[in-house]
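Everything below concerns the one structure shown next.
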Amino acid sequence: MDPMDAIRTTFFIECDELLAQLEEGLMAMEQGATDSETINSVFRAVHSVKGGGGAFGLDPLVRFSHVFETLLDQIRSGQVDPSETVVATLLRAADMLADHVNAARDGGVADEARSEQIAAAIMALTVGGAANAFEEQPAEIEGLNFTPQLVSLDLPAAAPADDFDLAALLASAGVDAPAAEAADGDWLVTFAPHASLYAKANDAALVLRELIGLADEATVSLDDEALLPLEEMDPAGAYLGWTVRLPASVAEADIRDAFAFVDEDCDLEIKREGGAADTVAVEPQAEESLNLLDSLLLQVKEEPAPDPHPAPAAPAAAVDPAPKPEAVAAGAPMQAAASATAAAPPQTIRVDLDRVDRLINLVGELVINQAMLAQRVHESGAGKATDVNLALTDLELLTRGIQDSVMAIRAQPVKSVFQRMPRLVREVGEATGKRVRLVTEGEGTEVDKTVVEKLSDPITHMIRNAIDHGLETPAEREAAGKSAEGTVRLTAAHRSGRIVIEVADDGKGVDRVRVKAKAIEKGLIATDAQLSDEEIDNLIFAPGFSTASTVSDISGRGVGMDVVKRSVQALGGRITIVSTPGQGSRFSLSLPLTLAVLDGMVVTVGDQTLVAPLTAIIESLKPRAGEVRPLGPHNKVLQIRDAYVPLIDTGAALGFGRSALEPTEGVALLVDSENAGQVALMVDQILGQRQVVIKSLETNYGATDGVAAATILGDGRVALILDIDGLVTAHRRMPPPAPRTESLVLTAAE
Amino acid sequence: MTDISLDGRDGSELISFRIGEQEFCVDIMAVREIRGWTPATPVPHSPPFVRGVINLRGAVLPVIDLADRLGLGRAVETARHVIIVVQIGSRIVGLLVDAVCDILSTADHVVQRTPDLAGDQMQNFVRGLIALDGRMISLLDLDLVLDQPQREAA
């Protein structure tokens with residue numbers, strides 16, 4: 001891959017993470033978490049997206065995020081109150097930003113009109129000269145070009161953003177002004193970037209420019225002592241440092257702000273001239289002023305002696321003490337919990353999925369080998385208490401431990417899918433004019449990565465369905481004595497080795513009269529059919545069924561619940577519905593935790609061992625004479641209670657050319673196929689049920705009709721896993737089967 | 001005598017093996033391993049030269065009866081038959097042959113162009129011939145060994 005492409009790919013992966021972080025932060029703000037940590041994380045997410053976007057020249061994205069960032073900055077500095085309306089706008093802006101990112105990734109352009117409209121809405125909430133921010137932006141993008149430039153020493157102040165007055169704040173906090181004066185003196189800011197600062201696409205020149213902008217009189221002196229002769233210089237190294245002298249009137253918080261994104265990557269020292277008190281940490285938030293004394297005291301405790309290089313640690317220490325007492329004082333456990341989790345994120349590494357898959361394959365093989373070895377030792381007649389057997393038991397435990405840990409590597413919380421849903425709910429709610437509240441539970445429930453990826457579509461569809469068909473309009477709800485706002489609950493939980501996802505709404509429930517009428521109209525059921533409520537509810541999964549009289553773009557491009565059912569079945573899952581009129585419906589998805597393992601019925605056909613997926617099997621039975629009837633020249637049907645289902649000779653359908661066994665000598669597996677309803681598959685014998693590890697047949701060979709994949713049995717041999725739908729299709733396409741021709745020949749010979 | 005080069009490299013190493021009375025070779029760089037014959041699981045609707053799939057440390061590997069593929073008749077496998085595991089493109093495939101013979105170097109031997117043969121299926125697979133101590137060794141082009149039926153199917 002082109003290195004630039006690789007960087008781009010990384011950028012977009014990071015964008016996904018940042019957007020998720022943004023959404024999460026905004027959701028927390030919506031719930032009332034307005035602590036500075038949450039707001040800061042939201043701000044940082046937008047800022048980082050903007051920064052990366054700038055580096056790739058994604059102008060529309062950068063322009064939009066700049067406006068977005070301006071409002072967030074004002075919320076951060078307390079100029080704008082994060083009210084409900086403001087947060088609602090921020091959420092829309094986050095959606096728009098995601099659109100911009102997606103458009104940039106696909107090489108297209110996001111909906112400009114909508115972008116402008118949302119940007120205007122943001123600017124309307126922004127205080128003061130924010131309207132100019134939009135126009136100012138191009139200049140700032142130019143500034144991102146890395147060109148060595150001289151910093152003019154007496155640059156006039158560009159925008160004195162100094163809305164904060166230290167003396168006034170101290171006074172309001174009950175601190176005597178003289179105490180502040182004691183620490184007075186010009187600021188001396190020593191700033192020496194590390195190479196990592198430039199590696200993260202930051203630029204010392206921008207930081208310096210921001211510093212100089214803080215005051216009318218600022219002097220910058222260059223420290224080039226570390227500069228090496230040209231031939232010894234590392235082109236990616238950092239050798240320069242600067243000392244900036246700023247007048248005493250500048251607030252330290254503003255100075256620190258200038259370093260907000262680089263403080264980890266430089267040596268930084270901020271002190272009063274004359275070696276006075278090292279740092280006075282002040283956050284500009286007015287509400288924190290009351291805690292100022294506390295934080296000052298804390299800081300004195302934390303920094304007993306002025307270290308010659310205290311810089312890297314100082315900013316963190318300066319920010320931390322303030323919010324903590326606030327959170328405790330406000331008695332907001334949620335905020336405290338949020339900061340606790342933010343403080344210690346689990347350490348992670350990003351690994352190529354191929355490597356994990358390879359490891360899983362090898363462990364699968366190890367398990368098989370271990371089983372084979374155990375079998376051999378057992379056959380050799382070694383006693384239970386012999387050394388060999390004891391060692392083998394240890395090996396078995398170890399193998400199982402390794403297998404569990406390896407499978408856990410691929411496990412991911414369903415959070416990544418759940419996080420996309422609030423946006424969907426907002427959009428569908430807006431489009432249908434319904435008020436919806438989304439409640440999610442069990443986001444931390446873990447399943448295999450491949451399952452997580454495939455959950456998105458069914459969940460999206462079920463939620464759309466719940467809002468569009470399930471929930472009533474606010475007026476209808478109020479008339480029915482409910483709150484105007486409908487609730488959709490999305491929950492995930494582990495239940496007996498599977499993951500169960502539920503989408504429940506408190507709407508009107510399935511309109512059974514209408515569903516039944518529709519099913520009759522579509523010819524799905526007989527006019528006089530007597531159906532239980534449950535059977536009627538299940539009609540919505542019938543192929544071609546849709547209660548919407550016109551296909552709205554909300555309920556999904558003409559896609560019905562039958563498609564959801566099919567995609568869930570393809571994952572080896574089941575979907576069920578429970579509905580109570582007037583109280584709502586609940587859809588439950590039950591899925592395997594991993595797609596790497598499948599519950600299978602091991603059967604034999606001729607001398608072959610095959611595996612049929614258990615989820616497709618309804619029942620197995622031994623056909624009795626008289627239950628198998630010929631239909632047409634070479635087809636047979638099996639009578640199951642009152643119904644006749646097509647009987648498929650599995651061996652013949654797979655082209656193994658097995659001479660047709662008498663159906664009464666074999667076993668019939670009644671299966672549910674996607675396009676032919678129920679079908680009976682004839683096999684010779686059932687060996688038992690087993691969990692099998694799915695192996696791809698396509699990787700080294702190719703797709704094969706009637707075969708979904710392969711697995712490896714305990715004896716080390718490969719067994720094929722049946723693809724029921726493929727088998728039915730293959731059977732239909734089959735020319736008149738060979739046994740029939742043979743019997744014709746036989747008849748002729750006789 | 002015309003020389004043909006092997007992927008533009010001189011001094012490539014080749015591994016030679018026997019099918020019936022004939023000797024063949026492939027570029028050693030394509031060979032992953034050589035293992036004994038294990039019974040393969042047949043794959044439905046596969047061309048006759050695909051003997052089935054075997055388990056190679058967790059990967060499902062198709063085994064091709066090279067004799068059948070080259071039109072020399074289906075092999076009657078014994079415990080002494082070997083499977084040469086080769087990489088063809090991104091696929092790993094096993095080739096069922098009678099026995100492995102030798103390792104040769106193209107630096108020592110000249111690869112001659114295959115003479116035109118009438119309507120023989122083997123010609124599709126043979127890129128050149130090597131003369132060695134009175135033996136004739138055919139250099140196989142592996143790209144077509146598995147791919148062709150797949151392309152036809154697709």
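Below, chains carry the letters A, B, ... as their sequence lines are ordered, and counting in each starts from 1.
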*asked:* Which atoms of B:I54 are under 4.5 Å from chain A, going by heavy atoms: the side chain, the backbone, both sets, or neither?
replied: backbone
*Using non-hydrogen atoms and a 4.5 Å limit, figure out which bit of B:S46 sits close to chain A: side chain, backbone, both or neither.*
both
*Do you know which of A:T699, A:V707, A:I360 has the most heavy-atom pairs with chain B at a distance under 4.5 angstrom?*
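Heavy-atom pairs under 4.5 Å are most numerous for A:T699.
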_Looking at A:N700 and B:P62, would you say the former's side chain and the latter's main chain have a donor-acceptor pair under 3.5 Å?_
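Not at all, since once roles are kept as given, no pair shorter than 3.5 Å links the two residues.
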*Would you say B:D133's side chain and B:R135's backbone share a donor-acceptor pair under 3.5 angstrom?*
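A pair under 3.5 Å: no.
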*Could you tell me which portion of A:S696 (side chain, backbone, both or neither) has an atom closer than 4.5 angstrom to a non-hydrogen atom of chain B?*
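Answer is backbone: N, CA, C or O of A:S696 sit under 4.5 Å from chain B.
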*Engaged part of A:T704 at the chain B interface, taking heavy atoms whose separation is under 4.5 Å*: side chain
*Flag the one option from B:A40, B:G52, B:P39, B:S90 with the top tally of heavy-atom pairs under 4.5 Å to chain A.*
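When all of B:A40, B:G52, B:P39, B:S90 are compared, B:P39 has the most.
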_Stepwise salt bridge (Lys or Arg N to Asp or Glu O under 4.0 Å) check, B:D27 with B:R127_ = CA-CA 11 Å; B:D27 187 352; B:R127 283 174 61 183; over 6 Å; no
_Any side-chain heavy-atom pair of A:V683 and A:L610 under 4.5 Å_ =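 They are not in contact (no side-chain heavy atoms under 4.5 Å apart), so the answer is no.
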*Please examine the side chains of B:L66 and B:L96, heavy atoms only from C-beta on, and report whether any two atoms are closer than 4.5 Å.*
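Heavy-atom side-chain distance check fails, nothing below 4.5 Å.
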